[in-house]
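Worksheet: one structure, shown below.
Please read all numbers here as calculations on a predicted model, not as lab measurements. The sequence lines fix the lettering, A, B, ..., with proteins before strands; numbering per chain opens at 1.
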Amino acid sequence: MKYRVYVFFKNGILDPEAEAIKKTLHTSGFRKIKSLTKGKFFDIDTSGKNSKDEISSLSEKILSNPIIENFKIKKIDN
Amino acid sequence: MISIVVFPGSNCDRDLKVAIEKTLKKKVDMVWHKTAHIKKSDMIFVPGGFSFGDHLRAGILATKSPAMKEVERLSKKGVPIIGICNGFQILTECKLLPGILIKNTNPKFLCKSIDLKVDNNSIFTSSFKNNQIIKLPIAHSQGNYFADKKVLNSLEDNNQVILRYCSPKGQINNNFNPNGSMNNIAGIINSSKNVFGLMPHPERAIDLTKQADGILFFKSLNMYL
């Protein structure tokens with residue numbers, strides 16, 4: 001079973017990297033861009049029962065820090 | 001015996017060892033992160049650096065080391081634990097200290113000396129005068145202390161903020177906040193007051209001919225030992 005876990009900042013958490021990317025886009029001529037957020041994703045191949053619960057647990061405990069980040073899990077085909 | 005936990009990527013461990021030996025005249029045990037049993041220690045340091053390359057989030061991978069499980073266990077027994085810079089990040093990621101250190105508002109790596117105001121009401125700062133202004137080096141790109149409002153209020157109400165960035169005259173405001181930390185926080189202790197995390201590097205300020213304000217930290221620890 002394969003899952004993709006997306007980890008991204010909660011609303012209101014300042015992400016200076018995203019701000020820097022947005023500024024660069026503006027100066028590169030993409031002036032219509034109003035906002036930009038960035039995050040990361042992890043593709044995880046796992047086996048066994050309750051694999052979704054396992055993915056959820058590791059996403060909460062390790063892949064994200066709930067103080068500043070949210071995560072989303074999506075099942076993917078290969 | 002004083003222990004220093006060493007991870008792949010630690011780079012302040014040796015400086016810390018030298019500082020402890022010079023100022024406290026104590027034997028230092030360098031504990032490799034894979035060690036599952038830490039010998040009887042009067043105090044444990046988690047040093048600065050880039051443990052595990054800061055992959056995923058600064059500090060998170062180090063929290064899964066066997067030695068950190070020992071640090072967590074011993075902290076519950078009241079052993080003083082001190083995390084400096086990356087060590088502070090590790091202590092927040094393993095929840096021995098509340099909050100988290102995120103990227104600096106200006107995402108540059110900061111490497112300079114900075115003014116700090118000290119609250120002397122802790123075993124880690126008892127040799128300072130209260131509200132003493134000192135100078136210590138900082139060297140980080142993720143030192144921006146963040147916590148939700150509830151945690152922040154409880155830190156303030158229980159006097160757990162013991163180091164703040166300030167002006168040379170001691171004013172605490174945004175102009176003298178190098179990284180965007182909430183309430184200019186540079187160092188906090190836990191509610192049981194035996195775990196201390198700080199971004200500045202006292203171990204790099206023990207030279208009497210140059211910067212020496214770090215010595216008072218170690219003197220405070222000497223009073224405790």
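By the 6.0 Å contact criterion, NZ on A/K72 is open, its count of non-hydrogen atoms from other residues, nucleotides or ligands being 12 or less. Annotation for A/K40: atom NZ counts as buried by contact number, over 12 foreign heavy atoms lying within 6.0 Å. Atom NZ of A/K74 has 12 or fewer heavy atoms from other residues, nucleotides or ligands within 6.0 Å. Taking a 6.0 Å sphere around NZ of B/K108, one finds it holds 12 or fewer heavy atoms contributed by other residues, nucleotides or ligands. Around CZ of B/R73, the count of heavy atoms belonging to other residues, nucleotides or ligands within 6.0 Å exceeds 12. Atom CG of A/D43 is surrounded by more than 12 heavy atoms from other residues, nucleotides or ligands within 6.0 Å.
For A/K61 against B/I60, the heavy-atom pair with the smallest separation is O-CD1, 4.2 Å. Here the closest non-hydrogen pair linking B/I102 and A/L14 is CD1-O, 4.5 Å.
Within the 4.5 angstrom heavy-atom criterion, no atom of B/N106 approaches chain A. Heavy atoms of B/L56 lying under 4.5 Å from chain A belong to its backbone as well as its side chain. Heavy atoms closer than 4.5 Å to chain B are found in the side chain of A/I13, but not in its backbone. Neither the backbone nor the side chain of A/E19 comes within contact range of chain B; no heavy atoms are under 4.5 Å apart. Proximity to chain B (any heavy atom under 4.5 Å) is shown, for A/I62, by both the backbone and the side chain.
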Check your understanding: After noting the C-alpha distance and the side-chain angles of B/K103 and A/D15, does the key distance pass the side chain to side chain contact (heavy atoms under 4.5 Å, CB included) rule?
Key -> CA-CA 7 Å; B/K103 283 236 188 291; A/D15 181 358; 6.0 Å; no

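Looking only at side-chain heavy atoms (C-beta outward), B/D148 and A/I67 stay at 4.5 Å or farther from each other.
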